[in-house]
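Because the structure is predicted, anything quoted here is derived from the model rather than measured. First listed ligand is number 1; within each ligand, the first listed atom is number 1. Numbering starts at 1 and runs along the sequence shown.
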Amino acid sequence: MGIKITDKVTWVGKIDWELKHFHGNEYSVRRGSSYNSYLIRDKKNVLIDTVWSPYDKEFVSKLKNEIDLKDIDYVIVNHSEPDHSGALSELLREIPDVPVYCTANGAKMLKGQYHQDWNFITVKTGDTLEIGESTLTFIEAPMLHWPDSMFTYMSGDNILFSNDAFGQHYATESLYNDKTDQCELEAEAIKYYANILTPFSKLVTKKINEVLSFNLPLDMICTSHGVIWREKPEQIVLKYLQWADDYQEKQITVIYDTMWNATRKMAEAIAEGIKSAAPDYTVKLLNSSVEDKNDIITEIFKSRGILLGAPTVNNTCLHSIGGLLEMVYGLKFRKKYAAAFGSYGWSGESVGLISEGLKKAGFKLVSEGLKYMWVPDEEGIKACYDFGADFANQIK
Ligand code: FEO
């Protein structure tokens, strides 16, 4: 069943309670997700976005309960990624001539994915579509989250259909931001930003400022994942402006992997040293081989500085730290401090390699790092403690 959100707009998406991972296995999902699709009924009927393909038949079948498909005048594809375009083939098989509004990149990407020559109408920022009492205005939003992404603004109801932007992987029957658990919502929204949108932060700032300059009245932001921002929708816009501005809190995070606990002992002593030097900072200690990788990224996103540690094995570091370095390289964090540490038995390359990786990923290295041969004794623990304190003193 659809859920009426205004006289003209009905939510016709799919809540995916079972989802455990997204983007393959790159993004862990703890509280499900949703693929939000919206049906606008004015003088013309418009469908905005669809759902992921495992739910395509269910989506089309339920949509038929809402409207005779032949009465849909336009389909708008704000973004061609499969989680939103996955039901297009099933839908357009029944209404093959319906105009499909998307950006020029969107048309290329849909053709590349579905190999169909649908009735594409390509649009640019400022193009409009009159649908009766309301007008739809298109706003290109490249890289939020793919080159094809766009927003659609509906006058009258004053709704911004933002697709991925302002979304969360968060399943809730409540649908609206003011009806959900605020801690869960904040946690999922920041995880989503940190893990998906961080590399595009400069574009986020630019796009939000551009949209704000239009002075459009805004009653709701209808995203494509998670809640509809109905109560104070500007709150998530302001959060995005903060998060996009090289966000950091007074937090230092120590992340390590360990084989026989020597590097763990180093990590714990380093954390104590940080706490002693920066008592007003939050200090977090995470073992990257057992913690969720996306939660670690969220903690890095919140941090002013990080310390990454691993012992040397086979002339390199352990794979969980290697994988994390790949992730932070892609996410392009800025203005964050870092240092490496780790124990070793003979060759001892890990600290140098981690330092190189951190530098390549754009972190500001505070030191050459700390290597310790075998298991730290009392003197070694003191050296780690001092290393942590020195790190904190340099960045706080
Ligand atoms: Fe929710 Fe970029 O797709």
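- The nearest N, O or S atom of E81 is closer to atom 2 (Fe) of ligand 1 than 2.8 Å.
- Nearest N, O or S atom of D164 to atom 1 (Fe) of ligand 1: atom OD1.
- In summary, H84 places no N/O/S atom under 2.8 Å from atom 2 (Fe) of ligand 1, failing the contact criterion.
- No option in K302, K332, K335 other than K335 meets the salt bridge (Lys or Arg N to Asp or Glu O under 4.0 Å) test with D246.
- Note that K371 lies in the cation-pi zone of Y344, set by a 6.0 Å cut-off to the ring centre and a 45° limit from the axis.
- Within 6.0 Å of atom CD in Q242, more than 12 heavy atoms from other residues, nucleotides or ligands are found, so the atom counts as buried in its surroundings.
- Counting heavy-atom neighbours within 6.0 Å of E58 CD, excluding the residue itself, gives a total above 12.
- Note on ring orientation: taking the six-membered ring where Trp is involved, the planes of H225 and Y35 are perpendicular (angle over 60°, cut-offs 30° and 60°).
- Summary: ND1 is the N/O/S atom of H145 found nearest to atom 2 (Fe) of ligand 1.
- The angle H225:NE2 - atom 1 (Fe) of ligand 1 - D83:OD2 amounts to 80°, with values rounded to 10 degrees.
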